[in-house]
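For the numbers below, each heavy atom of this structure counts, side chains included, while hydrogens, waters and symmetry mates do not. Positions are given from 1, in the same order as the sequence printed here.
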Amino acid sequence: MTATLAADSATVTTAAQNLVQNVDWLAIAPPTIAAVVGLAVLVADLFVPERNKALLGWVSVAGLAAATLALLPLRAGDRSTFCVVGDPSACSYTVDRFTLVIQFLVLAGALLTALLSVTAVKETRLPAGEFWFLLLSSAAGAALLPASRDLATLIVALEVASLPAFALVGLRRGDRLSSEAALKFFLSSVAATAVSLMGVSFVYAATGTVHLTRVAEELAHVPAQFDGLATAGVALTLVGFAFKTAAVPFHFWVPDTYIGAPLPIAAYLSVIGKAVGFTGLVLVTVIAFPAYSDVWGPALAVLAALTMTIGNAAALRQSPDRDHSAVRLLAWSSVGQAGYLLVPIAAAAYSDRDQIGSTVAYALMYAAVNLGAFAVAALVGRTTPRHRISDYRGLYARRPLAALSMAFFLLCLAGLPPGVIGLFAKVTVFQSAVDAGLGWLAVVMAVNVVIALYYYLQWTALLFRAPEGEEAGEAVARGRVPAPVSVAIALTGLVAVVTSGAPQIVLRFASTGLFQ
């Protein structure tokens with residue numbers, strides 16, 4: 001009896017030991033650093049006197065820089081943690097080439113946002129501790145998402161990235177536009193997330209698992225009686241991520257949210273928010289749902305066509321003299337650009353999953369130049385707070401470097417030389433559609449690229465026209481350029497110029513397997 005009890009005890013002890021896992025702290029370091037620094041800033045805010053609140057911003061910038069540098073030891077990739085006992089292929093957190101590229105995009109983008117925010121937080125009297133905590137928390141969630149390899153972690157990461165963003169949009173207390181934007185953003189996002197959660201529950205009911213690799217295996221052999229349930233689950237799961245990408249018809253929140261949010265947060269949403277959405281779409285479609293590519297492939301192709309068309313058409317209608325027209329145009333432009341980013345993901349359903357490398361290459365280009373455009377908008381908005389496109393008339397005469405930078409960013413977005421990286425990125429996306437046999441989608445894209453040329457070139461030409469009012473020009477010229485804003489413009493401009501001179505730095509992702 002004693003021997004039996006001892007044997008049973010040993011068996012239980014062994015089973016318990018098998019359930020204990022070693023956490024790969026190096027693999028999870030990037031999002032962990034951002035989260036820890038965010039908590040530290042929130043606590044420090046309680047003790048730092050008001051006159052020293054600016055230090056919290058610089059601590060946040062340093063934290064995001066450290067999180068970005070933490071990617072260097074992970075360059076080889078091929079690390080996983082939080083895996084199922086006995087099945088090392090089913091892990092909740094995986095670091096591969098795709099993870100590293102997206103984490104770099106997210107953390108570097110958040111770092112540039114932080115630089116733009118250092119001055120904005122002080123000048124607009126935003127609560128410093130709350131602002132930096134929310135920004136770092138959102139960045140941590142956004143960095144977690146590309147490494148997530150199960151549906152539960154994906155949804156949690158999506159919400160960790162999104163919930164702080166709602167508060168950031170509405171952080172300007174007493175501002176009607178800010179409160180309205182935050183409420184609209186929150187309600188529409190919650191509805192999209194609820195639909196996605198229902199989809200995830202359907203997928204789990206049909207497969208009995210949440211790990212992406214296991215979901216893919218089970219969906220390939222799903223019983224006939226569960227096929228309708230699985231199809232509905234696949235379609236509904238995509239909704240939350242499509243909302244984050246601002247894909248039509250989930251785009252209606254974008255213009256008002258960008259206008260109501262502090263300008264650095266609008267820049268953050270336009271880049272990091274989209275990166276979160278596209279990353280989620282790539283992971284669930286390419287890794288988890290390849291067996292149902294006949295469901296999500298045509299759906300994403302139609303979404304891409306609608307998104308680029310409606311986004312560019314709305315951008316074309318913006319009046320230069322209307323208040324907030326510059327931000328509105330950038331908002332609608334980001335919707336149009338989202339359509340281009342969807343094309344390679346849709347193409348992956350018809351050919352192979354390496355097509356998504358074109359999305360990654362395009363996203364890297366878009367992140368740099370769009371953040372740069374918002375950085376120049378933040379500079380101009382310091383002296384012309386109405387944020388009209390007409391405020392940029394004669395900018396070259398007042399601030400030549402800012403005007404040249406803005407012109408280069410707009411030409412990159414348009415895909416015109418000397419913005420070579422924008423041109424080549426569009427070519428890779430166009431090629432992915434052609435290779436997948438989506439000729440009609442390639443034609444729609446080509447038409448939209450031509451439409452977008454009009455409003456990008458119109459804005460670019462305005463930068464170099466003679467100023468209308470000498471007095472207004474002198475007022476703008478007297479404004480001092482904050483060092484953090486100058487650094488943000490310089491960094492994004494440098495990235496755009498270097499990648500235009502050597503586009504292979506970015507475009508190599510379009511021709512190599514990111515999940516290998």
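- In this structure, S117 contributes its side chain and P264 its backbone to no donor-acceptor pair below 3.5 Å.
- In this structure, T307 OG1 and I310 CD1 are separated by 7.0 Å, a value rounded to the nearest 0.5 Å.
- Under the 4.5 Å side-chain criterion, counting only non-hydrogen atoms from C-beta, F464 is not in contact with L395.
- Nearest heavy-atom pair, W58 versus L115, reported as atom, atom and distance to 0.1 Å: CZ3-CD2, 4.3 Å.
- Closest non-hydrogen pair, A331 versus Y258, comes out as CB-CD2, 3.4 Å.
- The aromatic rings of W253 and F185 lie parallel to each other, with less than 30° between the two planes, well short of the 60° mark.
- For the side-chain hydrogen bond (donor to acceptor under 3.5 Å, both in side chains) condition, the pairs that include at least one residue of residues 101-113, sequence neighbours left out, are Y93-Q103.
- Looking at R399 and V380, their side chains never come closer than 4.5 Å, going by heavy atoms from C-beta outward.
- A 4.5 Å side-chain heavy-atom check between T119 and R382 finds at least one atom pair inside the cut-off.
- Counting only heavy atoms from C-beta outward, the side chains of W459 and L330 approach each other to under 4.5 Å.
- Looking at residues two or more places apart in sequence or on another chain, you find a side chain to side chain donor-acceptor pair (under 3.5 Å) between R386 and D323.
- Side-chain atoms of S390 come within 3.5 Å of backbone atoms of P320 as a donor-acceptor pair (strictly under, hydrogens ignored).
- The shortest heavy-atom contact between P418 and L411 is CD-CD1, 3.7 Å.
- Taking OG1 of T384 as the reference point, atom CZ of R388 lies at 7.5 Å (rounded to 0.5 Å).
- Atom CZ of F104 has 12 or fewer heavy atoms from other residues, nucleotides or ligands within 6.0 Å.
- Between S178 and G170 the shortest heavy-atom distance is OG-CA, 3.2 Å.
- Around atom OH of Y396, no more than 12 heavy atoms belonging to other residues, nucleotides or ligands sit under 6.0 Å away.
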Less than 3.5 Å apart, which donor and acceptor atoms pair up between the side chains of residues 156-163 and the rest of the protein, not counting sequence neighbours?
{"residue": "E159", "atom": "OE2", "partner": "T193", "partner atom": "OG1", "Å": "2.9"}
{"residue": "S162", "atom": "OG", "partner": "L158", "partner atom": "O", "Å": "2.7"}
{"residue": "S162", "atom": "OG", "partner": "K244", "partner atom": "NZ", "Å": "2.7"}

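- Under the side chain to side chain contact (heavy atoms under 4.5 Å, CB included) test applied with T279, the options L145, T359, V284, V101 reduce to a single match, L145.
- Every residue was checked against the side chain to side chain donor-acceptor pair (under 3.5 Å) condition with R51, not counting sequence neighbours, and none meets it.
- The two residues G63 and V37 have their closest heavy-atom pair at CA-CG2, 3.9 Å.
- Considering only residues two or more places apart in sequence or on other chains, Y268 meets the side chain to side chain donor-acceptor pair (under 3.5 Å) condition with S138.
- Closest non-hydrogen pair, L111 versus A65, comes out as CD1-N, 4.1 Å.
- Partner of P127 under the side chain to side chain contact (heavy atoms under 4.5 Å, CB included) criterion, chosen from L171, V121, L134: L171.
- Put simply, the side chain of V239 does not reach to within 4.5 Å of the side chain of F243, judged on heavy atoms.
- Crowding of Y454 atom OH: a count of heavy atoms from other residues, nucleotides or ligands under 6.0 Å not exceeding 12.
- A donor and an acceptor atom, one from each side chain of N448 and Y340, are nowhere located under 3.5 Å apart.
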Can you check side chain to side chain donor-acceptor pair (under 3.5 Å) on Y456 and S333, steps first, answer last?
CA-CA 9 Å; Y456 284 131; S333 165; 2.4 Å; yes
Decide yes or no on side chain to side chain donor-acceptor pair (under 3.5 Å) for K274 and Y366, but give the supporting numbers first.
CA-CA 10 Å; K274 277 187 173 48; Y366 169 78; 4.5 Å; no
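- Residues passing the side chain to side chain donor-acceptor pair (under 3.5 Å) test with T492: none are found, sequence neighbours excluded.
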